[in-house]
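Worksheet: one structure, shown below.
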Amino acid sequence: MAVSQEKITVYNLADLKNTSDDAIPNYLNSLKFRQSHRLTDVRLALGYSAFALAAACFGWDFKFGFESTKYYTAAAVAAYTLLNGALTLWMLYVERGTVYVGTAPSGETLRISTSTKKNVPTYFVTVEVQEKDGKKEVLKISRAFTEWFDAAGHFVAAPFQTLLASSLPVVGKLDPKRAAAPKEDGGAEATYTPEMLDVLAQANVSVVGSAAEEATGSEAAGTKGGKRRKA
C-alpha cells in the first residue's frame, strides 16, 4: 500500500482538501487521461494581465511623474478593475471549484469539482461526465477524509484511487483492479474519526501533564531530603 512520506495536519480541512485535489490528476493521468488546462490557463492569463498592467502603471508613473501620465493611470485603473472583476466571475461561475478536466482514451470527458464544509471532515466531489455523443451525467460523491488519511496525517493512495475507480465507471474500466477492490482492503492503515482524534489529543496532553507533575514531585522530594554532600 502506497503511503505518502509527507504529513499534513489532520485538523486542517484546507490541507486535507488540497492534498486530495492534487492526487486526482496524478491518478487519472496515469490511466492515460488527457488533461485539459484551459480553465487554469484563462485564470492565469487574467491574473498575470492585471499584474502586468499594475507594474506598467507603476513604471511610467515613476519615470514620467503623475501629472504627465494621470490619464493613462486612470485608464489603467479602470482596465485593472475589469480584469480582476472578470477573474472573480471566472472563478465563481466558470471554474466552480474545478480541480480536473480530462478526456479518457475512450472519448468521455470528466470535469471534477471538489469542496468542503466548515468543521465537517468530509470530501464532497461533483463529477460531470460527458459522453462522446454529447450526453451528460452528474455524479456526486462524499466521503470522510479519514478513509485515505491515516492518524498521523499521511495520504494513503490506494483507498483514494479505489473510491474514484469504484464510483466512476469510466475510471473503473481503465483500472478494474481498483474498481473491484473490497472496501476493507483499501482503507488507511490507522483510520480515526474526528472524535477519536480529539480523545487521543486530550490523552497526550494528560500524559505530558502527569509526567511533568511527577518530575516536579521528584525534584521537590530530593530537595527536602537534605543538603547535598560536599565533594
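- With I141 as reference, L168 is the one residue of T114, L168, T126, I112 to meet the side-chain contact (heavy atoms from CB on, under 4.5 Å) rule.
- Taking Ile, Leu, Val, Met, Phe, Trp and Tyr as members and joining any whose side-chain heavy atoms lie under 4.5 Å apart, directly or through other members, Y71 forms no hydrophobic cluster with any other residue.
- A heavy-atom distance below 4.5 Å is found between the side chains of T73 and W60.
- Using a 4.5 Å cut-off on side-chain heavy atoms (C-beta onward), Q130 and K135 make no contact.
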Go through H37 and D41 one step at a time and tell me if the side-chain hydrogen bond (donor to acceptor under 3.5 Å, both in side chains) criterion holds. CA-CA 6 Å; H37 299 281; D41 290 343; 5.8 Å; no
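- Scanning for side-chain contact (heavy atoms from CB on, under 4.5 Å) contacts around L44 gives T40, Y48, with sequence neighbours left out.
- In this structure, NZ on K140 lies 10.5 Å from CZ on F124, to the nearest 0.5 angstrom.
- Closest approach of G153 and V10 over heavy atoms only: CA-CG1, 3.5 Å.
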Go through the steps for E137 and L139 under the test side-chain contact (heavy atoms from CB on, under 4.5 Å), then give the verdict. CA-CA 7 Å; E137 181 183 10; L139 304 173; 3.4 Å; yes
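- We find the CG-NZ distance between D150 and K7 to be 9.0 Å, quoted to the nearest 0.5 Å.
- Summarising the geometry of L13 relative to P121, their closest heavy-atom pair is CD2-CA, 3.7 Å, with the distance given to 0.1 Å.
- In this structure, the side chain of S167 does not engage the main chain of L164 through any donor-acceptor pair within 3.5 Å.
- Separating the NZ atom in K132 from the OG1 atom in T103 is a distance of 12.0 Å, to the nearest 0.5 Å.
- Between T109 atom OG1 and E131 atom CD the span is 9.5 Å, to the nearest 0.5 Å.
- Open room surrounds CZ on R34; 12 or fewer heavy atoms of other groups in view lie less than 6.0 Å from it.
- Taking the six-membered ring where the residue is Trp, Y123 and F160 present tilted rings, their angle falling between 30° and 60°.
- Scanning both residues, S166 and A179, for their nearest heavy atoms gives CB-O, 3.9 Å.
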Should K173 and E108 be marked as a side-chain contact (heavy atoms from CB on, under 4.5 Å) after you check the CA-CA gap, both sets of side-chain angles, and the distance that decides it? CA-CA 12 Å; K173 287 189 296 184; E108 298 93 337; 3.4 Å; yes
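- Using the six-membered ring where Trp is involved, W148 and F145 have ring planes that are perpendicular, over 60° apart on the 30 and 60° scheme.
- Side-chain atoms of I8 and F149, non-hydrogen and from C-beta on, do get closer than 4.5 Å to each other.
- How far OG of S30 is from CD of Q161: 6.5 Å, rounded to the nearest 0.5 Å.
- Contact annotation: the side chain of V125 never approaches that of S142 to less than 4.5 Å [non-hydrogen atoms, C-beta and beyond].
- Residues R96 and R111 have side chains in contact (heavy-atom distance under 4.5 Å, counting atoms from C-beta outward).
- Put simply, the side chain of N18 gets close to the backbone of A14: a donor and an acceptor are under 3.5 Å apart.
- The other residues sharing a hydrophobic cluster with L46 are L39, V42, L53, Y80, L83, L87, W90, M91, V94, V101, where clustering joins ILVMFWY side chains under 4.5 Å apart.
- Rounding to the nearest 0.5 angstrom, the gap separating the NZ atom in K17 from the CG atom in D22 is 9.5 Å.
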Step-by-step side-chain contact (heavy atoms from CB on, under 4.5 Å) determination, V171 to L31: CA-CA 8 Å; V171 178; L31 298 178; 3.8 Å; yes
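- In this structure, Y27 and R178 have side chains that are in contact, with non-hydrogen atoms separated by less than 4.5 Å.
- Ion pair R43/E95 flagged as a salt bridge, since at least one NZ, NE, NH1 or NH2 atom sits closer than 4.0 Å to an Asp/Glu carboxylate oxygen.
- Between L110 and F33 the shortest side-chain heavy-atom distance falls below 4.5 Å.
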Apply side-chain contact (heavy atoms from CB on, under 4.5 Å) to D21 and Y100, showing your working. CA-CA 8 Å; D21 289 347; Y100 185 84; over 6 Å; no
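- Two residues are said to be in side-chain contact when any heavy atoms from C-beta on lie closer than 4.5 Å; T122 and T116 fail this criterion.
- Between the side chains of D61 and Y72, no donor N or O sits under 3.5 Å from an acceptor N or O.
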